[in-house]
Visitor: 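Here it is, the structure, as structure tokens.
Nothing here was measured: the structure is a model prediction, and the numbers come from that model. Note: hydrogens, waters and symmetry copies are ignored here, and every other heavy atom, side chains too, is used.
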Amino acid sequence: MSIEVGNKVSGKVTGITNFGAFIDLGSGKTGLVHISEISDTFVKEIKDVLKVGDEVIVKVMSIADDGKIGLSIRKAVDKPAGEVTRPQRESRPYQKSTTPRPEGSFSKGRKDFSAHQDKGLKNDFDSLMSSFLKDSEDRLTSIKRNTEGKRGGRGGRRG
């Protein structure tokens, strides 16, 4: 059988690396099965699934201009009709977190800003900037106060 994209061919495992397995396809051709294309299930160690010398059936996925052949074992296996190879994730719409944020959270300033926008108040740049600077200073003061006693290391207290 000729080696063309989409064809299924049999081959022999000639080498195993941490990223895939090399398959001898005969007539001097060798291809690579990437670790993600070995099985439908998660493969941590290729050596747990394949051994050098194993006969496998692979599907030719790609043939590069430089002669490199990309192979897949999991796509070579025929699945019963209607079976999905990998479970699809449920698509969930974006939901805001209902978890309360701790005091001094950085999103506080954004809430304040959006509240001003929602009320339709027209603030000029200077008042918005001064409000931001005030909130920023308050947050920095709070952070310094909370971390002052927690510092340690080499440059700590000497006595």
Side-chain angles (χ1 to χ4, degrees), residues 1-115 117-118 128-129 132-133 135-136 139-140 142-156:
M1 184 175 266
S2 64
I3 299 173
E4 295 176 15
V5 175
N7 286 354
K8 293 180 185 178
V9 294
S10 66
K12 189 177 222 179
V13 178
T14 58
I16 294 177
T17 66
N18 59 347
F19 56 85
F22 290 98
I23 310 293
D24 179 24
L25 303 172
S27 66
K29 301 276 187 183
T30 301
L32 174 72
V33 177
H34 189 265
I35 189 169
S36 64
E37 293 294 328
I38 289 178
S39 174
D40 283 334
T41 59
F42 177 74
V43 177
K44 185 173 182 178
E45 290 288 328
I46 297 173
K47 295 173 185 169
D48 296 340
V49 181
L50 294 174
K51 292 176 183 48
V52 174
D54 285 353
E55 290 282 335
V56 292
I57 296 176
V58 294
K59 183 173 183 178
V60 179
M61 303 306 295
S62 65
I63 300 175
D65 294 336
D66 58 359
K68 292 181 180 176
I69 302 171
L71 304 171
S72 174
I73 293 175
R74 68 183 185 98
K75 290 183 180 167
V77 178
D78 292 326
K79 302 275 189 267
E83 184 177 324
V84 178
T85 56
R86 288 189 180 191
Q88 300 294 321
R89 288 186 174 188
E90 295 178 21
S91 61
R92 292 184 236 165
Y94 172 75
Q95 295 178 349
K96 281 191 170 183
S97 174
T98 56
T99 309
R101 296 194 179 240
E103 185 60 38
S105 172
F106 289 105
S107 64
K108 180 181 169 200
R110 287 192 185 136
K111 287 180 186 174
D112 290 345
F113 180 71
S114 62
Q117 281 184 331
D118 291 344
L128 288 174
M129 183 56 92
F132 170 77
L133 289 174
D135 289 345
S136 180
R139 279 192 223 111
L140 285 173
S142 174
I143 290 170
K144 285 180 184 176
R145 191 176 333 116
N146 289 333
T147 58
E148 230 167 68
K150 298 177 185 175
R151 292 196 181 170
R154 292 189 225 184

Visitor: Crowded around D66 CG? As in, over 12 foreign heavy atoms under 6.0 Å?
Guide: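 Atom CG in D66 is crowded, with more than 12 foreign heavy atoms closer than 6.0 Å.
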Visitor: With rounding to the nearest 0.5 Å, note down the distance linking NZ in K75 to CE in M61.
Guide: 3.5 Å
Visitor: Begin with the C-alpha distance, continue with both residues' side-chain angles, and end with the deciding distance and a verdict on side chain to side chain contact (heavy atoms under 4.5 Å, CB included) for V49 and I73.
Guide: CA-CA 11 Å; V49 181; I73 293 175; over 6 Å; no
Visitor: Tell me if a side-chain donor or acceptor on T147 pairs with a main-chain N or O of I143 at a distance below 3.5 Å.
Guide: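 Answer holds: yes.
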Visitor: Drop me the distance from S10's OG to L25's CG, to the nearest 0.5 angstrom.
Guide: 8.5 Å
Visitor: So T14 and I23, do their side chains get closer than 4.5 Å, heavy atoms only?
Guide: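 No - every pair of side-chain heavy atoms lies 4.5 Å or more apart.
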Visitor: With rounding to the nearest 0.5 angstrom, report the CD to CD1 distance, E45 to I35.
Guide: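 E45 atom CD to I35 atom CD1 measures 7.5 Å (nearest 0.5 Å).
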Visitor: In the structure I gave you, are the side-chain heavy atoms of I46 and N18 within less than 4.5 Å of one another anywhere?
Guide: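 Side-chain contact under 4.5 Å: no.
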Visitor: Does any non-hydrogen side-chain atom of K47 lie less than 4.5 Å from one of I16?
Guide: yes
Visitor: Using every non-hydrogen atom in the two residues, find where E37 and S72 come nearest and quote the distance to one decimal.
Guide: OE1-OG, 2.6 Å
Visitor: Show your reasoning for whether side chain to side chain contact (heavy atoms under 4.5 Å, CB included) applies to I69 and T30.
Guide: CA-CA 7 Å; I69 302 171; T30 301; over 6 Å; no
Visitor: Is atom CG of L140 surrounded by more than 12 heavy atoms (other residues, nucleotides or ligands) closer than 6.0 Å?
Guide: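 Counting neighbours around CG of L140, more than 12 heavy atoms of other residues, nucleotides or ligands fall under 6.0 Å, so yes.
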Visitor: Would you check if V9 and I57 make a side-chain contact, meaning some heavy-atom pair closer than 4.5 Å?
Guide: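 V9 does not reach I57 side chain to side chain.
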Visitor: Just how far is it from atom NZ of K59 to atom CG of L71, taken to the nearest 0.5 Å?
Guide: 12.0 Å
Visitor: Check the pair V43 / D48 against side chain to side chain contact (heavy atoms under 4.5 Å, CB included), numbers first and verdict last.
Guide: CA-CA 8 Å; V43 177; D48 296 340; over 6 Å; no
Visitor: Taking the side chain from R74 and the backbone from S36, do they hold a donor-acceptor pair closer than 3.5 Å?
Guide: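 Yes, R74 side chain to S36 backbone: donor-acceptor pair under 3.5 Å.
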